[in-house]
Amino acid sequence: MGKIVSRFAPSPTGYLHIGGARTALFSWLLARSQGGEFRLRVEDTDRERSTQEATDAIIDSMKWLGLVHDDEIVFQSTRVDRHNEVIDQLVEAGHAYYCDCSKEQVDAMREKAQKEGRKPKYDGSCREKGLATGVVRFKTPLQGTTAFKDTVKGSIAVENAEMDDMILRRSDGSPTYNLAVVVDDHDMGITSVLRGDDHVNNTPRQILIYRAMGWDVPEFGHVPMILGPDKKKLSKRHGALSVMEYEKMGYLPEAVVNYLARLGWSHGDQELFSMDEMVTFFSTDNLGNSPSVFDLTKFEWVNGQYMQKADPERLADMLCDFYAREVGVEEAKSVTREDFARIAPLLQPRAKSIVDMLEQSQPFIVDAGFLPYDENAVKKFLTDETKPLLEEIVGRIEALDEFSEQSLEDVHRQFLEDKDIKFKAIAQPIRVAIVGTTKSPGLFETMMVLGKEQTLARLKRAVEL
RNA sequence: GUCCCCAUCGUCUAGCCUGGUCCAGGACGGCGGCCUUUCACGCCGUUAACAGGGGUUCAAAUCCCCUUGGGGACGCCA
């Protein structure tokens with residue numbers, strides 16, 4: 001068998017959604033795992049609904065996910081002449097014919113057929129008329145069945161009699177989808193088509209065109225769709241957001257890819273995969289054939305895993321960007337990339353996303369004077385008993401010549417010994433004092449990131465509260 | 001209505017092709033615990049499923065049929 005060539009062929013009528021992204025991922029994986037090629041084709045023949053923004057958004061999303069395509073992007077709209085050429089050939093060879101039935105007539109046929117319990121379809125009345133105007137229809141064989149081996153669903157067979165004589169060329173002269181895909185896939189040398197479930201019904205029709213043209217039929221695979229929590233087709237209501245929405249929400253692209261891959265694909269018990277691992281392990285044999293529900297909770301867990309493993313420097317860059325996005329470029333200058341680089345490691349095991357991490361960074365990046373204090377925490381821990389202790393600690397920290405995690409720990413141990421009290425007695429009061437809430441990373445590492453000046457300023461302010 | 005497809009814990013899934021090793025394994029979540037200066041992380045334990053009914057067979061989650069449920073398609077959209 002020769003080199004495999006797969007493709008992703010979105011129509012630019014909207015953003016790249018999570019479902020489309022997964023389809024793209026599987027196609028990409030299929031090509032990469034076999035050392036093949038992955039092509040991108042933009043199906044922009046619907047001039048009404050296709051937009052440049054959508055095209056850009058799709059390309060950006062693919063880039064963000066790391067799904068790099070080979071060769072040039074093919075824009076279907078540029079290939080109309082070739083499509084028409086094929087249609088003409090089909091007519092000449094007797095595989096297609098002109099039909100001048102009006103829309104109303106065809107609608108009536110369909111309605112009639114449905115009433116009689118048959119599949120609504122065009123009745124083929126123009127088949128042998130030898131017309132030369134109107135739409136061009138494909139002459140679907142009246143008998144027999146068209147079968148194919150779906151690489152994810154197994155054998156699928158459809159009676160030819162079930163199929164309509166589909167329109168190949170509209171009355172305005174433009175080619176239709178089913179014809180265009182076949183011609184493009186053939187011309188691009190596509191050997192493996194992996195696409196959404198909603199195309200299963202189109203496949204037999206397309207196969208018929210391949211055969212009529214005497215072309216090799218590629219391999220087809222149809223991946224089930226992604227459902228919302230209510231098991232209904234994923235929609236905007238559920239967070240069937242565009243891929244770039246996930247970027248805005250502070251998720252890591254490799255986490256999105258990982259989660260998407262595990263939605264419908266598996267490799268034994270493994271949950272976390274690097275891109276390379278996915279590429280080496282991927283096989284359509286392990287693609288599931290039933291629809292799956294997008295579970296945000298599990299996705300967040302996956303993202304958290306990647307947050308923990310991520311390079312703090314990279315996280316720092318992202319935090320800077322997100323911060324600037326949030327408060328504006330000018331204001332964001334008050335916090336440096338280096339600040340974030342010191343904060344990130346403390347928050348890595350605690351943050352589910354960049355946005356989450358930025359939020360948790362707040363106590364670190366405001367000045368002592370503006371640190372918000374949680375009312376309940378203050379009431380509970382900054383009491384008349386603890387304040388004097390904090391005051392004393394201030395003095396001891398001030399006396400420190402070297403401000404390090406070790407020296408901080410030493411000075412506190414000593415303090416506890418002198419007072420004959422447990423660490424528990426002062427831990428939460430100190431925490432509330434320096435970050436304003438009862439939750440934070442370890443005390444001494446937090447102090448280190450805060451710096452001596454900020455630590456003392458906060459402790460002092462807390463005593464005055 | 002007609003055709004096509006699907007059906008294992010709440011969710012993602014392994015197992016199904018090549019029946020026995022499955023009183024069904026892993027993961028997320030939930031619950032309980034450990035660790036501990038809080039919160040997380042981590043670790044340990046626990047919870048929970050073969051849609052239903054018929055076959056075939058010594059033996060079925062695995063093969064066959066039916067029912068039910070879900071989805072998709074039926075366009076001069078892609």
Side-chain angles (χ1 to χ4, degrees), chain A residues 9-13 43-46 48-50 76 99 101-103 106-107 110 113-122 134-137 150 153-154 156-159 161-164 166-178 180-181 196-204 222 224-225 227 229 231-233 259 262-272 285-286 288-302 304-305 308 346-352 360 377 381 412 422-432 435 437-444:
Chain A
S11 53
T13 51
E43 312 222 316
D44 55 350
T45 44
D46 188 338
E48 301 277 296
R49 298 193 299 152
S50 299
Q76 194 161 60
C99 161
C101 294
S102 69
K103 223 178 149 107
V106 178
D107 285 346
R110 288 195 225 275
Q114 183 156 152
K115 264 192 194 134
E116 290 167 3
R118 288 177 296 117
K119 191 153 178 145
K121 57 179 241 183
Y122 170 70
V135 301
V136 175
R137 286 183 182 274
D150 191 294
K153 290 181 181 294
I156 294 178
V158 177
E159 297 290 323
E162 284 296 323
M163 290 186 267
D164 219 330
M166 61 184 151
I167 291 178
L168 266 18
R169 177 156 59 209
R170 302 183 183 93
S171 44
D172 69 0
S174 64
T176 58
Y177 167 75
N178 276 116
V181 204
D197 224 350
D198 47 337
H199 287 287
V200 229
N201 297 269
N202 287 325
T203 306
H222 294 91
M225 49 179 215
L227 272 24
K231 302 233 182 187
K232 291 274 161 58
K233 188 170 180 164
Y259 178 73
R262 278 291 288 107
L263 212 58
W265 176 76
S266 62
H267 182 257
D269 288 340
Q270 194 170 339
E271 296 287 347
L272 270 11
D285 295 348
N286 303 311
N289 52 1
S290 53
S292 29
V293 174
F294 186 91
D295 181 19
L296 200 89
T297 311
K298 182 161 183 181
F299 170 56
E300 289 201 319
W301 173 77
V302 173
Q305 294 295 309
Q308 284 188 54
L346 305 199
L347 264 21
Q348 277 181 275
R350 291 163 235 270
K352 292 285 182 220
Q360 293 190 47
F381 294 108
H412 283 82
K422 295 269 195 203
F423 192 28
K424 272 190 188 287
I426 58 164
Q428 285 303 73
I430 293 176
R431 190 181 315 282
V432 173
V435 298
T437 69
T438 55
K439 302 172 187 177
S440 87
L443 250 24
F444 305 130

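Residue numbers start from 1 in every chain, and the chains themselves are labelled A, B, ... in the order their sequence lines are given, proteins ahead of strands.
You won't find any donor-acceptor pair under 3.5 Å spanning the side chain of E116(A) and the base of G1(B), going by distance alone. With hydrogens and angles ignored, a donor-acceptor pair closer than 3.5 Å exists between the side chain of S171(A) and the base of C76(B).
Toward the 5′ end of RNA chain B lies the nearest nucleotide of K153(A), the other residue of the pair K153(A) and P10(A) mapping further downstream.
Legend: residues meeting salt bridge (charged side-chain N to carboxylate O under 4.0 Å, His left out) with E271(A), ordered by chain and number and at least two apart, are R262(A), K298(A). Under the salt bridge (charged side-chain N to carboxylate O under 4.0 Å, His left out) criterion, D46(A) pairs with R49(A), sequence neighbours left out. Residues satisfying the salt bridge (charged side-chain N to carboxylate O under 4.0 Å, His left out) criterion with K121(A), sequence neighbours excluded, are absent altogether. Judged as a side-chain hydrogen bond (donor to acceptor under 3.5 Å, both in side chains), and not counting sequence neighbours, E48(A) has no contacts.
In this structure, Q114(A) reaches the bases: a heavy-atom distance under 4.0 Å links it to at least one base atom across the strands shown. Residue-level contact check: Q76(A) touches the backbone only, with heavy atoms under 4.0 Å from sugar-phosphate atoms and none from bases. Using a 4.0 Å heavy-atom criterion, one finds that D150(A) contacts no nucleic acid atom at all. T45(A) comes within 4.0 angstrom of the backbone, heavy atoms only, and of no base.
N178(A) and T176(A) are not linked by any side-chain donor-acceptor pair at a separation below 3.5 angstrom, with hydrogens and angles left out of the test.
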Could you run through nucleotides 63-72 of chain B and give me one letter per nucleotide, 5' to 3': B if any protein heavy atom sits under 4.0 Å from the base, S if only the sugar-phosphate is that close, - if neither? --------SB
Do nucleotides 31-48 of chain B as a string where each nucleotide becomes B, S or -: B if the base has a protein heavy atom under 4.0 Å, S if just the sugar-phosphate does, - if no protein is that close. ------BBBBSS------
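For A14(B), one of the phosphate oxygens OP1 or OP2 lies less than 4.0 angstrom from a side-chain nitrogen or oxygen of S266(A). Applying the 4.0 Å criterion to OP1 and OP2 of U13(B), one finds that N286(A) has every side-chain N and O outside that range. In terms of phosphate contacts, R110(A) brings a side-chain nitrogen or oxygen within less than 4.0 Å of OP1 or OP2 of G75(B).
C3(B) is paired with G72(B) under the Watson-Crick or G-U wobble criterion, all donor-acceptor distances under 3.5 Å.
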